[in-house]
Amino acid sequence: MAESERPAGKPEEMAPPIQQSFMIPRKEINMVSDMGKWKRSQAYADYMGFILTLNEGVKGRKLTCEYNVSEPIEKLVALLNTLDRWIDETPPVDQPSRFGNKAFRTWYAKLDQEAENLVAAVIPKHLADAAPEVAVYLKESVGNSTRIDYGTGHEAAFAAFLCCLCKIGVLRVDDQMAIVFKVFNRYLEVMRKLQKTYRMEPAGSQGVWGLDDFQFLPFIWGSSQLIDHPNLEPRHFVDEKVVNENHKDFMFLECILFITEMKTGPFAEHSNQLWNISAVPSWSKVNQGLIRMYKAECLEKFPVIQHFKFGSLLPIQPVTS
């Protein structure tokens with residue numbers, strides 16, 4: 001989403017894009033030896049570029065700061081509000097097992113059916129052909145309906161969904177802060193509600209050795225928000241008072257708050273990785289370390305990437321520099 005790629009003219013004057021043939025994304029990583037294809041792919045380069053562009057875009061900014069909110073951003077928030085409403089309309093069912101409430105499958109079936117329509121409502125008419133391709137990433141972003149679990153692979157699908165909307169020109173360079181602060185933040189709220197309501201299992205969790213049971217990206221972007229903060233240092237995020245006073249401004253602290261609500265016992269025991277991170281001297285070092293960790297623990301792990309889907313917007317073909 002470099003400045004040079006920004007379409008010329010006002011959105012309403014924009015000509016339809018160059019004829020692109022869209023396709024339904026599909027799995028391409030079927031065995032561990034396919035991982036090399038992923039790391040060399042255009043999809044990987046574009047996905048990582050997108051994550052890092054947003055990381056730069058939110059640097060030193062609070063969630064509560066002023067930023068541009070375009071019409072597509074408003075429409076994406078409305079889409080997420082719909083998903084939230086469906087949770088209220090689909091209460092958990094009585095069942096013997098505590099985790100993985102089967103009502104999630106009912107909720108998911110609704111999304112499965114409506115995803116293309118939801119996406120079509122966000123994108124302009126001349127891009128209607130893209131809806132089936134983009135909708136796949138939306139459906140992949142909320143958890144697995146068979147296992148009733150959720151993890152960083154699902155989160156990556158939502159980032160891929162937003163990346164696709166950038167690639168077709170629906171989201172622009174000046175939407176960067178709103179993508180993270182308004183859309184992704186709303187997505188997190190809805191996912192937390194899903195996780196709590198249906199008692200979803202963490203997908204591929206590393207337990208106490210993982211960063212978090214469910215999310216990763218808000219820690220990356222959230223640490224970028226805190227870079228050069230005049231008085232909040234990494235050591236402060238394990239202080240309950242600091243978290244309570246500042247979580248509305250910073251994604252990272254919002255994540256910490258959610259963890260402390262969901263888990264009992266000493267923080268150093270239930271979230272050992274985060275506890276270790278609190279000893280890092282600066283937020284920029286935390287941010288760089290988390291980006292490296294994200295590549296190693298999520299994007300380079302076969303159990304996560306085997307589920308990733310590739311289409312015309314995020315292609316498996318090797319990157320063309």
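One is the number of the first residue; the rest follow in order along the sequence. Just so you know, these numbers come straight off a predicted model, no measurement behind them.
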*Asks:* Under a plain distance cut-off of 3.5 Å, with no hydrogens placed, do Asn231 and His229 share a side-chain donor-acceptor pair?
*Replies:*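 Note: His229 and Asn231 side chains meet the donor-acceptor criterion.
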*Asks:* Under 4.5 Å between side-chain heavy atoms, counting indirect links through other Ile/Leu/Val/Met/Phe/Trp/Tyr residues: same cluster for Tyr150 and Val136 or not?
*Replies:*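 Different clusters.
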*Asks:* Please report the closest heavy-atom contact between Ile179 and Phe50, naming both atoms and the distance.
*Replies:*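 Of all heavy-atom pairs spanning Ile179 and Phe50, the closest is CG2-CZ, 4.3 Å.
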*Asks:* Taking atom CD of Glu261 as the centre, report whether more than 12 heavy atoms of other residues, nucleotides or ligands fall under 6.0 Å from it.
*Replies:*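 Counting other residues, nucleotides and ligands, CD of Glu261 exceeds 12 neighbours.
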*Asks:* Can you name the closest pair of heavy atoms from Leu314 and Cys164 and give their distance?
*Replies:*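 So the two residues come closest at CD1-SG, 3.9 Å.
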*Asks:* Can you check whether Tyr187 and Phe184 have ring centres sitting under 6.0 Å from each other?
*Replies:*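 Yes, they do, as the ring centres are separated by less than 6.0 Å.
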*Asks:* Over 60° means perpendicular and under 30° means parallel, so tell me whether Trp38 and Tyr44 are parallel, tilted or perpendicular.
*Replies:*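 Answer is perpendicular, since the angle exceeds 60°.
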*Asks:* Any idea how Phe237 and Phe267 line up, ring-wise: parallel (<30°), tilted (30 to 60°), or perpendicular (>60°)?
*Replies:*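 Rings of Phe237 and Phe267: perpendicular, as their planes differ by over 60°.
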*Asks:* Quick one: which residue pairs count as a side chain to side chain donor-acceptor pair (under 3.5 Å) with a foot in residues 219-228, not counting sequence neighbours?
*Replies:*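 For residues 219-228, and leaving out neighbouring residues, the side chain to side chain donor-acceptor pair (under 3.5 Å) pairs sorted by first residue read Ser223-Asn287.
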*Asks:* To the nearest 0.5 Å, tell me how far Phe258 CZ sits from Lys196 NZ.
*Replies:*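 Phe258 CZ to Lys196 NZ: 5.5 Å, rounded to 0.5 Å.
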*Asks:* Membership question, hydrophobic clusters at under 4.5 Å side-chain separation (ILVMFWY): are Phe99 and Met200 in the same one?
*Replies:*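 No.
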*Asks:* Using a strict cut-off of less than 4.0 Å between a Lys/Arg side-chain nitrogen and an Asp/Glu carboxylate oxygen, indicate whether Arg192 and Glu189 qualify as a salt bridge.
*Replies:*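 Looking at Arg192 and Glu189, the cut-off is not met.
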*Asks:* Asp88 vs Lys193, test: salt bridge (Lys or Arg N to Asp or Glu O under 4.0 Å). Steps then yes/no.
*Replies:* CA-CA 10 Å; Asp88 297 334; Lys193 188 167 168 178; 2.9 Å; yes
*Asks:* Could you state the interatomic distance from CD1 (Ile256) to CG (Asp212), rounded to the nearest 0.5 Å?
*Replies:*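 So the gap between those two atoms works out to 8.0 Å.
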*Asks:* In terms of hydrophobic clusters joined by side-chain contacts under 4.5 Å, are Ile24 and Leu127 together?
*Replies:*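 No, Ile24 does not connect to Leu127 through the hydrophobic network.
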*Asks:* Less than 3.5 Å apart, any donor N or O on the side chain of Thr260 or Glu240 sitting next to an acceptor on the other?
*Replies:*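 Per modelled atom types, Thr260 and Glu240 side chains form no pair under 3.5 Å.
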*Asks:* For Pro315 and Ser41, work out which heavy atoms get closest and say how close.
*Replies:*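 Closest approach of Pro315 to Ser41: O-CB, 3.7 Å.
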*Asks:* Could you state the interatomic distance from CG (Leu111) to CG (Leu79), rounded to the nearest 0.5 Å?
*Replies:*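 The distance works out to 8.5 Å.
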*Asks:* Just how far is it from atom CD of Gln306 to atom CD1 of Ile29, taken to the nearest 0.5 Å?
*Replies:*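 Going from the CD atom of Gln306 to the CD1 atom of Ile29 covers 10.0 Å.
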*Asks:* Which distance, rounded to the nearest 0.5 Å, do you find between the CD1 of Ile123 and the CD1 of Ile168?
*Replies:*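 Atom-to-atom, Ile123:CD1 and Ile168:CD1 are 5.0 Å apart.
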*Asks:* Take a 6.0 Å sphere around NZ of Lys75 and say whether it holds more than 12 heavy atoms from other residues, nucleotides or ligands.
*Replies:*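 For Lys75, atom NZ is crowded (more than 12 foreign heavy atoms under 6.0 Å).
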*Asks:* Under a 4.5 Å side-chain heavy-atom rule over Ile, Leu, Val, Met, Phe, Trp and Tyr, are Val286 and Leu52 clustered together?
*Replies:*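 Hydrophobic grouping puts Val286 with Leu52.
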*Asks:* Counting heavy atoms not belonging to Arg61, are there more than 12 under 6.0 Å from its CZ?
*Replies:*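 Result for CZ/Arg61: open.
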*Asks:* Distance check, rounded to the nearest 0.5 Å: Met23 atom CE versus Leu313 atom CG?
*Replies:*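 Between Met23 CE and Leu313 CG, I get 10.0 Å after rounding to 0.5 Å.
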*Asks:* Is the Phe161-Phe158 ring centre distance short of 6.0 angstrom?
*Replies:*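 Centroid separation for Phe161 and Phe158: below 6.0 Å.
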*Asks:* With salt bridge (Lys or Arg N to Asp or Glu O under 4.0 Å) as the rule and sequence neighbours excluded, what pairs involving residues 102-111 come up?
*Replies:*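 Non-adjacent pairs meeting salt bridge (Lys or Arg N to Asp or Glu O under 4.0 Å): Glu89-Lys110.
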*Asks:* Of the non-hydrogen atoms in Ala156 and Tyr294, which two are nearest, and what is the gap between them?
*Replies:*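 So the two residues come closest at CB-OH, 4.0 Å.
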*Asks:* Under 6.0 Å from the NZ atom of Lys285, do we count more than 12 heavy atoms belonging to anything else shown?
*Replies:*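 Open.
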*Asks:* Would you call the rings of Tyr198 and Trp107 parallel, tilted or perpendicular if under 30° counts as parallel and over 60° as perpendicular?
*Replies:*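 Ring orientation of Tyr198 relative to Trp107: tilted.
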*Asks:* Return the minimal non-hydrogen interatomic distance between Pro218 and Met251, and the atom names on each side.
*Replies:*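 Reported closest heavy-atom pair: O-CB, 3.9 Å.
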*Asks:* Applying the side-chain contact (heavy atoms from CB on, under 4.5 Å) test to Phe250, which of Thr64, Leu232, Leu63, Val243 qualifies?
*Replies:*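 Considering Thr64, Leu232, Leu63, Val243, a side-chain contact (heavy atoms from CB on, under 4.5 Å) with Phe250 is found only for Leu232.
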*Asks:* Would you say CD of Glu300 has more than 12 non-hydrogen atoms from neighbouring residues, nucleotides or ligands within 6.0 angstrom?
*Replies:*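 Check passes, neighbour count above 12.
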*Asks:* Side-chain donor-acceptor pair under 3.5 Å between Glu133 and Gln20, yes or no?
*Replies:*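 Note: Glu133 and Gln20 side chains miss the donor-acceptor criterion.
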*Asks:* Tell me, yes or no, whether the heavy-atom count around Lys39 atom NZ, taken from other residues, nucleotides or ligands under 6.0 Å, exceeds 12.
*Replies:*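 Counting other residues, nucleotides and ligands, NZ of Lys39 stays at 12 neighbours or fewer.
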*Asks:* For Pro72 and Val170, work out which heavy atoms get closest and say how close.
*Replies:*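 Answer, listing the atom of Pro72 first, then Val170: CG-O, 3.4 Å.
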